[in-house]
Trainee: 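Starting off with a structure, shown below.
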2 protein chains.
Amino acid sequence: MTKTMTKGATALPLNTILSGDCIEAMRTLPDASIDLIFADPPYNLQLKGDLHRPDNSRVDAVDDAWDRFATFETYDAFTRAWLAEARRLLKPTGAIWVIGSYHNVFRLGAELQNQGYWILNDVVWRKSNPMPNFRGKRLTNAHETLIWASKSEGSKYTFNYEALKALNEGTQMRSDWVLPICTGHERLKDANGDKAHPTQKPESLLHRVLLGTTNPGDVVLDPFFGTGTTGAVAKMLGRDWIGIEREAAYREVAEARLKRIRKYDRDALAVTTSKRAEPRVPFGQLVERGMLRPGEVLTSLNGQKSAKVRADGTLVADDVKGSIHQVGAHLEGAPSCNGWTYWCFRRDGKTVPIDLLRQQIRAEMAAS
Amino acid sequence: MTKTMTKGATALPLNTILSGDCIEAMRTLPDASIDLIFADPPYNLQLKGDLHRPDNSRVDAVDDAWDRFATFETYDAFTRAWLAEARRLLKPTGAIWVIGSYHNVFRLGAELQNQGYWILNDVVWRKSNPMPNFRGKRLTNAHETLIWASKSEGSKYTFNYEALKALNEGTQMRSDWVLPICTGHERLKDANGDKAHPTQKPESLLHRVLLGTTNPGDVVLDPFFGTGTTGAVAKMLGRDWIGIEREAAYREVAEARLKRIRKYDRDALAVTTSKRAEPRVPFGQLVERGMLRPGEVLTSLNGQKSAKVRADGTLVADDVKGSIHQVGAHLEGAPSCNGWTYWCFRRDGKTVPIDLLRQQIRAEMAAS
DNA sequence: AGTTGTCCTGAATCTTGTC
DNA sequence: GGACAAGATTCAGGACAAC
């Protein structure tokens, strides 16, 4: 199950949990080796004393030592250090997700920008079943914030637009995600039957993150692995993962969890792809193959413009000649035009977009 | 209409718009004289070139000089200065709201914390009708973030818990607010019929803020007054207001607007109650939540057809893939198909329509 | 009068491959 | 790396005209 990938002199410990401090552990990994980082750092909650519900039961809040920082300066220094190390590990096409609440997310976001990361979206995880505000002194804190950032301004990044659109039943995915918190059988328990980790994230959240911003075979690093939700979903989705976790108790729970996980089968992992991923087909090929004849007249989608096909795969209209895109843009007075969907031809008395012919060619290419 | 309140040696120019730079104008106001500040500062959007919709129309972007800052350092210095001045003006029981997008809100939040403000909540304004992401390169940017902070840790603040609960049909107001953007008749136009201000906020948003965190007679300051939404809602709700605006054109529009406003305009109040429709549940959410597993086989109601679930919430059958509706329609040779009632899955040896899972999700949503 | 269809617009960090 | 060309890409809602 565990595999090792060698890059230069340094091996990448795929599908394992590294122990120890996250910054020191990251230092052992090579430059530019990671496709995606998902980080759920301590929230620096600054809770004073216990909180009780109206019935006087005590709320089991996050009060672990790892969540306590003396000052904002201490927290910022920590944030600066691990984000810098994370950035070193990212491939030029890599990206990072961080999650936080109002206690820490503003400091995370500002530091991401300071280090040259380029924010792509902030995403609101809207909890469908949050804990109410028992005292009635504030609004119910019903969301957490994620930040998605690429390594640098202008750098490439992975975004499976069509897959997320499909997941949202045909309309493009928005920056607000409504998902339940992690409860029930998904919530891991320790030997005493208490929750194994105070802030276990739901697998649905990671499913959306990893499906949308990684590809199968990508390497996903989680420097605050906890009970391993990132690894679990990565494994199901056929991504490689690396976890870092300081607390032995969490590592043990995560190890056991990951052993149980099975990868989805191949068919299930295929997602809806974008047209951009399809091979390019030059318009001239339609003429060469005789699908369109030189001299044949194409009409615009609305039927108001027309142009004639030439033997070299260009079009000519009254006062302009050029590619299907150029002629279309010129006739419409538009900055650009997708000639494939703009131009139509006639077959059997019907008017059909030329994109249909491109699809035929692509189907043949796929079959062979 | 304009009244003046004397505090020590300095008068408070209630219900007027001050002209000039917001920091200089704030300097003319006395210490500890303001109950609430609502601030909608420039977002520093950093837009580069033009953007066109798929229909080739050009997006009218925010490219005003007042939104341009050379660097993050310049923006931070500006933020630091006006937030410090704002804090001086706040009464010990005062509070501040700031609004921003991912471009600037992390810097706002961090600086609030640095100066000793105490964050009470961050609030997400989820737009019911945001502008889409036209190029399909990111998530639809469908929200903006507000931060609500008191003057200091432990300081008192105003929170009308019951009023907000009532506004929310009897359940605690949450930190995510679904409200439409400002369009239609509410959107102010200039003499040419163009929008008077590029970023006019909806009155519904201010209504919720002022109703929830001020009392009648309180003094509300907006240092980035624009076309005066804060003043308009304050006036309707019987709060006093002070606006600061640098641009003469915006001041004129705001003056005219405020003259028209009457206290307790019942029609305007009605706008704020949000309509609650049956929430749409994308099929993909069943997969994300683990209610159905990628690779699992669904069968048609009559048991004769089957299809496999994919990780992005689409189905795949022998020769077709797509949404639950598309695949159902194709297999039946029908023009359309309601996949929710057509497809079934097996649990505990029984065959159950997937609509049952949707009903579960809706029940959870209604309960929260 | 009511219904249907067209057009317009909104705080936006909005392309990619080849030569 | 820069210039140029190919070509991919949108949702909700209000205003207004057409029917």
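Only this structure's heavy atoms are used, side chains among them; waters, hydrogens and symmetry mates stay out. Everything numeric here is computed off the predicted structure, so don't read it as measured data. We name chains A, B, ... by the order of the sequence lines, and we start the count at 1 in each one.
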Trainee: Is there a side-chain contact between A:K165 and the phosphate of D:dT10, meaning an N or O under 4.0 Å from OP1 or OP2?
Mentor: yes
Trainee: Categorize B:D67 for me: base, sugar-phosphate, or nothing, with a 4.0 angstrom heavy-atom threshold over every strand shown.
Mentor: base
Trainee: Does A:D355 come within less than 4.0 Å of A:K275, counting only side-chain N to carboxylate O?
Mentor: yes
Trainee: List for me each residue that meets salt bridge (charged side-chain N to carboxylate O under 4.0 Å, His left out) alongside A:K165, sequence neighbours excluded, and say none if there are none.
Mentor: none
Trainee: At 4.0 Å (heavy atoms only), tell me whether A:T341 reaches a base, stays on the sugar-phosphate, or touches nothing.
Mentor: nothing
Trainee: With heavy atoms under 4.0 Å as the rule, sort B:T140 into base, sugar-phosphate or nothing.
Mentor: nothing
Trainee: Quick one: label B:V105 by what it contacts on the DNA or RNA (base, sugar-phosphate, nothing), any heavy atom closer than 4.0 Å.
Mentor: nothing
Trainee: Could you check whether B:F134 and the base of C:dC14 form a stacked pair, meaning centres closer than 5.5 Å and planes differing by less than 30°?
Mentor: no
Trainee: Report yes if the distance between the aromatic ring centroids of B:F224 and B:W82 is under 6.0 Å, otherwise no.
Mentor: yes
Trainee: Classify the nucleic acid contact of A:Q172 as base, sugar-phosphate or nothing, counting any heavy atom under 4.0 Å across all strands shown.
Mentor: sugar-phosphate
Trainee: Among D:dA5, D:dA8, D:dT10, find the nucleotide with the atom closest to the side chain of A:Y161.
Mentor: D:dT10
Trainee: Closest-nucleotide mapping onto DNA chain D: is B:P130 or A:P335 further toward the 5' terminus? I mean the 5' end.
Mentor: A:P335
Trainee: Base, sugar-phosphate, or nothing for B:Q200, non-hydrogen atoms under 4.0 angstrom?
Mentor: nothing
Trainee: Looking at D:dC11, C:dA11, C:dT9, which one has an atom nearest to any side-chain atom of B:S57?
Mentor: C:dT9
Trainee: Reading DNA chain C 5' to 3', how would its secondary structure be written in dot-bracket notation, given Watson-Crick and G-U pairs with both distances under 3.5 Å, brackets [ ] for crossing pairs and | for partners on other strands?
Mentor: .|||||||||....|||||
Trainee: What distance, rounded to whole Å, do you find between the two P atoms, one in D:dA8 and one in C:dT18?
Mentor: 14 Å
Trainee: Tell me what B:P202 touches on the nucleic acid: a base, only sugar-phosphate, or nothing, going by heavy atoms under 4.0 Å.
Mentor: nothing
Trainee: Looking at C:dA11, C:dA12, D:dA6, which one has an atom nearest to any side-chain atom of B:V59?
Mentor: C:dA12
Trainee: Distance to the ring centre below 6.0 angstrom and angle to the axis at most 45 degrees; does that hold for B:R246 and B:W66?
Mentor: no
Trainee: Pick base, sugar-phosphate or nothing for B:D40, based on heavy-atom distances below 4.0 Å to the nucleic acid.
Mentor: base
Trainee: Can B:D55 and B:R53 be counted as an ion pair, charged N to O under 4.0 angstrom?
Mentor: no
Trainee: Categorize B:S101 for me: base, sugar-phosphate, or nothing, with a 4.0 angstrom heavy-atom threshold over every strand shown.
Mentor: nothing
Trainee: Categorize B:G100 for me: base, sugar-phosphate, or nothing, with a 4.0 angstrom heavy-atom threshold over every strand shown.
Mentor: nothing
Trainee: So B:K48, base contact, sugar-phosphate only, or nothing? Heavy-atom distance under 4.0 Å.
Mentor: nothing
Trainee: Is any side-chain nitrogen or oxygen of B:H197 closer than 4.0 Å to OP1 or OP2 of C:dA11?
Mentor: no
Trainee: Is the phosphate of C:dC14, meaning OP1 or OP2, less than 4.0 Å from a side-chain N or O of B:N133?
Mentor: no
